[in-house]
Amino acid sequence: MYIFHLDALAHAHEEMIQRLPRRNGLLLWRALYESSMGRMGVVVTDAVETEKLETWMRLHNIRASVYEVMDPEMGPLDRQIEAMMIHNGMRTGDMYVDVDPLKISQLISRGVPTLLLGDPYVLRKEWSEIEPKDSPGWDELVAEMDRQKIYRTKKEWNEDE
């Protein structure tokens with residue numbers, strides 16, 4: 001059984017029904033669905049109503065044989081232990097799929113086979129070792145466009161600078 005965290009299937013949003021599906025997560029889900037004969041599970045760690053979760057999964061054609069909505073008040077260690085218990089309880093748990101590298105590394109240290117889904121939709125600052133560059137201001141962009149316009153005009157007229 002493959003167990004997916006909901007964040008691997010959908011981008012985060014406050015409202016469950018407004019979550020946008022992750023393209024790569026759904027592609028992976030559909031590729032593994034056939035090989036596992038439909039034995040797929042979804043773990044949710046947000047405060048979400050079961051009815052809304054089922055509606056969202058039906059809307060995006062996700063048929064899970066089991067899903068677990070964990071208490072949002074649980075700490076990260078409790079969530080890992082619960083995910084591990086789900087994995088061990090099924091005893092056919094092939095892999096746990098998530099987008100959180102910290103959770104994945106901690107589950108690996110407990111012996112749970114995992115897969116980290118790196119979806120570059122939004123790069124988190126805490127994942128990057130490189131400081132992000134400041135975006136140029138509007139004045140700088142306008143000046144650069146004017147400079148390129150002048151250069152193109154000179155090039156069209158075969159003028160040298």
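Heads up: numbering here begins at 1 and tracks the sequence.
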Practice problem: Work out which heavy atom in Gly25 is nearest to a heavy atom in Phe4; give both atom names and the distance. | Solution: O-CE2, 4.0 Å

Practice problem: Supply the atom-to-atom distance Glu34 CD to Met40 CE, rounded to the nearest 0.5 angstrom. | Solution: 10.0 Å

Quiz item: So does Glu49 have more than 12 non-hydrogen atoms from other groups sitting under 6.0 Å from CD?
Solution: no

Quiz prompt | Within-4.5 Å side-chain heavy-atom neighbours: Leu28 and Val97 | solution = yes

Quiz item: What are the two closest heavy atoms between Trp56 and Leu9, and how far apart are they?
Solution: CH2-O, 3.9 Å

Self-check item: Point-to-point distance, once rounded to the nearest 0.5 Å, from OG1 of Thr114 to CG of Asp98
Solution: 9.0 Å

Quiz item: Distance from His60 atom NE2 to Thr55 atom OG1, nearest 0.5 Å?
Solution: 10.5 Å

Exercise. Of all the heavy-atom pairs spanning His11 and Arg19, show the shortest one and how long it is.
Key: O-NE, 3.0 Å

Quiz item: Can you name the closest pair of heavy atoms from Arg63 and Tyr33 and give their distance?
Solution: O-CE1, 3.1 Å

Quiz item: How long is the gap from CZ on Arg58 to CG on Leu53, to the nearest 0.5 Å?
Solution: 10.0 Å

Self-check item: Leu117 side chain reached by Asp7 side chain, heavy atoms, under 4.5 Å
Solution: no

Quiz prompt | Within 6.0 Å of CD in Gln148, more than 12 heavy atoms from elsewhere | solution = yes

Practice problem: Find the distance between OH (Tyr2) and CG (Leu115) and round it off to the nearest 0.5 Å. | Solution: 9.5 Å

Quiz item: Tell me, do Met57 and Val42 make a side-chain contact under 4.5 Å, heavy atoms counted?
Solution: yes

Quiz item: Which distance, rounded to the nearest 0.5 Å, do you find between the OH of Tyr151 and the CZ of Arg147?
Solution: 9.0 Å

